[in-house]
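Along the sequence shown, residues are numbered consecutively beginning with 1. Keep in mind that the numbers below use all heavy atoms, side chains included, and drop hydrogens, waters and symmetry copies.
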Amino acid sequence: MYEIHLRIRDEKDLYNPFDESCRTLSSDVSDYLAKQYGRKEAGDEIVLKIKCDRPMDFERVRGAFQELIREQEIRNANQKKLNRFKQLWLFCIGIVFVAAGILLDGVLGSVPVELISIVGSFAVWEAANIWIVEDPRIRIARRMLKKLNATKIVIEQP
């Protein structure tokens, strides 16, 4: 079990000061939690212990925590859509340039044909890079968000 300890004076210290509804965690709290989650081991259960000098509304705290997770899930979904679009675009451009290089092989000199082929190959490689490098990062982040969703929140009050 991995415990994260958070010490605050008042419940309002958890929330973004611009959010009247108190549904958004402050950026300081979000950054602190992200840093702490990065230190845990892979299979650890997570417990967030919040110590406050005054009484707190557990449901509001839990709701703000869930909102943070939802925002990250939306951000990941949008990045995944953007990656798909970039992959398709780069792959199509790459195929067009590689095909142009093959078709223009006898018409143009060897240097322009090689440059066209290199641009096409580079575009295909970038599409593959998104598939090989960036998409797994999104999948890992999605798994982490599922673990965060299972985080047990304990409020220690006076």
Side-chain angles (χ1 to χ4, degrees), residues 1-99 118-158:
M1 178 168 48
Y2 182 74
E3 291 183 359
I4 297 173
H5 297 273
L6 183 63
R7 175 84 166 96
I8 57 172
R9 290 187 195 129
D10 190 18
E11 182 180 353
K12 69 179 181 178
D13 295 339
L14 284 175
Y15 308 113
N16 186 321
F18 300 111
D19 182 11
E20 275 186 18
S21 67
C22 296
R23 294 184 59 201
T24 307
L25 293 177
S26 75
S27 58
D28 289 339
V29 172
S30 299
D31 292 345
Y32 175 76
L33 291 176
K35 187 172 149 185
Q36 294 302 313
Y37 282 122
R39 294 180 180 171
K40 74 170 199 60
E41 297 295 322
D44 288 347
E45 177 185 323
I46 305 166
V47 176
L48 173 61
K49 290 190 174 183
I50 304 171
K51 188 169 186 177
C52 185
D53 297 337
R54 297 190 178 127
M56 295 177 64
D57 181 354
F58 178 78
E59 291 304 318
R60 185 172 25 202
V61 172
R62 183 71 179 165
F65 189 75
Q66 294 292 347
E67 185 65 26
L68 175 69
I69 293 170
R70 260 191 304 279
E71 287 173 9
Q72 291 294 334
E73 287 172 341
I74 290 169
R75 196 173 298 141
N76 282 352
N78 289 341
Q79 186 61 48
K80 189 173 181 178
K81 288 177 190 175
L82 180 63
N83 283 355
R84 282 188 187 148
F85 175 76
K86 284 171 47 177
Q87 276 179 297
L88 181 61
W89 177 253
L90 287 167
F91 187 73
C92 290
I93 293 295
I95 294 298
V96 166
F97 273 78
V98 168
I118 289 170
V119 169
S121 299
F122 183 74
V124 170
W125 170 251
E126 284 298 310
N129 184 54
I130 292 170
W131 177 60
I132 295 168
V133 177
E134 291 184 33
D135 286 349
R137 283 185 196 149
I138 292 172
R139 284 192 295 277
I140 290 168
R142 190 175 343 129
R143 279 188 227 125
M144 187 180 102
L145 288 173
K146 284 181 183 178
K147 286 201 94 81
L148 288 178
N149 206 16
T151 297
K152 182 178 176 184
I153 298 176
V154 177
I155 296 177
E156 298 174 355
Q157 299 180 28

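- Of all the heavy atoms in Glu11 and Cys52, the pair that sits closest is N-SG, 3.9 Å.
- With Asn78 contributing its side chain and Arg75 its backbone, the two residues share no donor-acceptor pair below 3.5 Å.
- Here Asp53 pairs with Arg7 in a salt bridge; the nearest charged N to carboxylate O distance falls below 4.0 Å.
- Side-chain contact between Leu90 and Ile130 is present, with at least one heavy-atom pair separated by less than 4.5 Å.
- Note that CD1 of Ile93 and CG of Leu88 are 10.0 Å apart. Values are rounded to the nearest 0.5 Å.
- For CZ of Phe58, the number of neighbouring non-hydrogen atoms (other residues, nucleotides, ligands) closer than 6.0 Å is greater than 12.
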If you apply the rule side-chain contact (heavy atoms from CB on, under 4.5 Å), what do you find for Phe18 with Thr24, and how did you get there? CA-CA 9 Å; Phe18 300 111; Thr24 307; over 6 Å; no

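- Contact between Pro136 and Trp131 at its shortest, heavy atoms only, is CD-O, 3.5 Å.
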Checklist entry - Would Lys80 and Asn76 count as a side-chain contact (heavy atoms from CB on, under 4.5 Å) if you check the C-alpha gap in whole Å, the side-chain angles of each, and the deciding distance to 0.1 Å? => result CA-CA 6 Å; Lys80 189 173 181 178; Asn76 282 352; over 6 Å; no

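- Remark: Arg23 CZ is loosely packed, at most 12 non-hydrogen atoms of other residues, nucleotides or ligands lying under 6.0 Å away.
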Discussion item. Set out, in order, the CA-CA distance, both residues' side-chain angles and the distance that settles side-chain contact (heavy atoms from CB on, under 4.5 Å) for Ile8 and Met56, then state yes or no.
Written reply: CA-CA 11 Å; Ile8 57 172; Met56 295 177 64; 3.9 Å; yes

Please report the C-alpha distance between Asn83 and Gln79 in whole Å, then the side-chain angles of each, then the deciding distance to 0.1 Å, and finally whether the side-chain hydrogen bond (donor to acceptor under 3.5 Å, both in side chains) criterion is met. CA-CA 6 Å; Asn83 283 355; Gln79 186 61 48; 2.9 Å; yes

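- Here the straight-line distance linking atom CD1 of Ile50 with atom NE2 of His5 works out to 12.0 Å at 0.5 Å rounding.
- Residues Arg60 and Tyr15 share a closest heavy-atom pair of CG-OH, 3.4 Å.
- Distance check: Arg62 CZ to Asp57 CG gives 13.5 Å after rounding to the nearest 0.5 Å.
- With rounding to the nearest 0.5 Å, the separation of CG in Asp31 from CD in Gln36 is 11.5 Å.
- Heavy atoms only, all atoms of each residue included: Gly120 and Phe97 are closest at CA-CB, 3.4 Å.
- Between the CD atom of Glu126 and the CG atom of Asn129 there is a distance of 5.5 Å, given to the nearest 0.5 Å.
- One finds a salt bridge joining Glu67 and Arg70 here, because a Lys/Arg side-chain nitrogen approaches an Asp/Glu carboxylate oxygen to under 4.0 Å.
- Across Leu14, Asn149, Leu33, a single residue satisfies side-chain contact (heavy atoms from CB on, under 4.5 Å) together with Phe65, and that is Leu33.
- Atoms CD1 and NZ, from Ile153 and Lys49 in turn, are 13.5 Å apart once rounded to the nearest 0.5 Å.
- The local environment of OH in Tyr37 is crowded, with over 12 non-hydrogen atoms from other residues, nucleotides or ligands closer than 6.0 Å.
- Residues Val98 and Ser121 approach most closely at CG2-N, 3.8 Å, considering heavy atoms.
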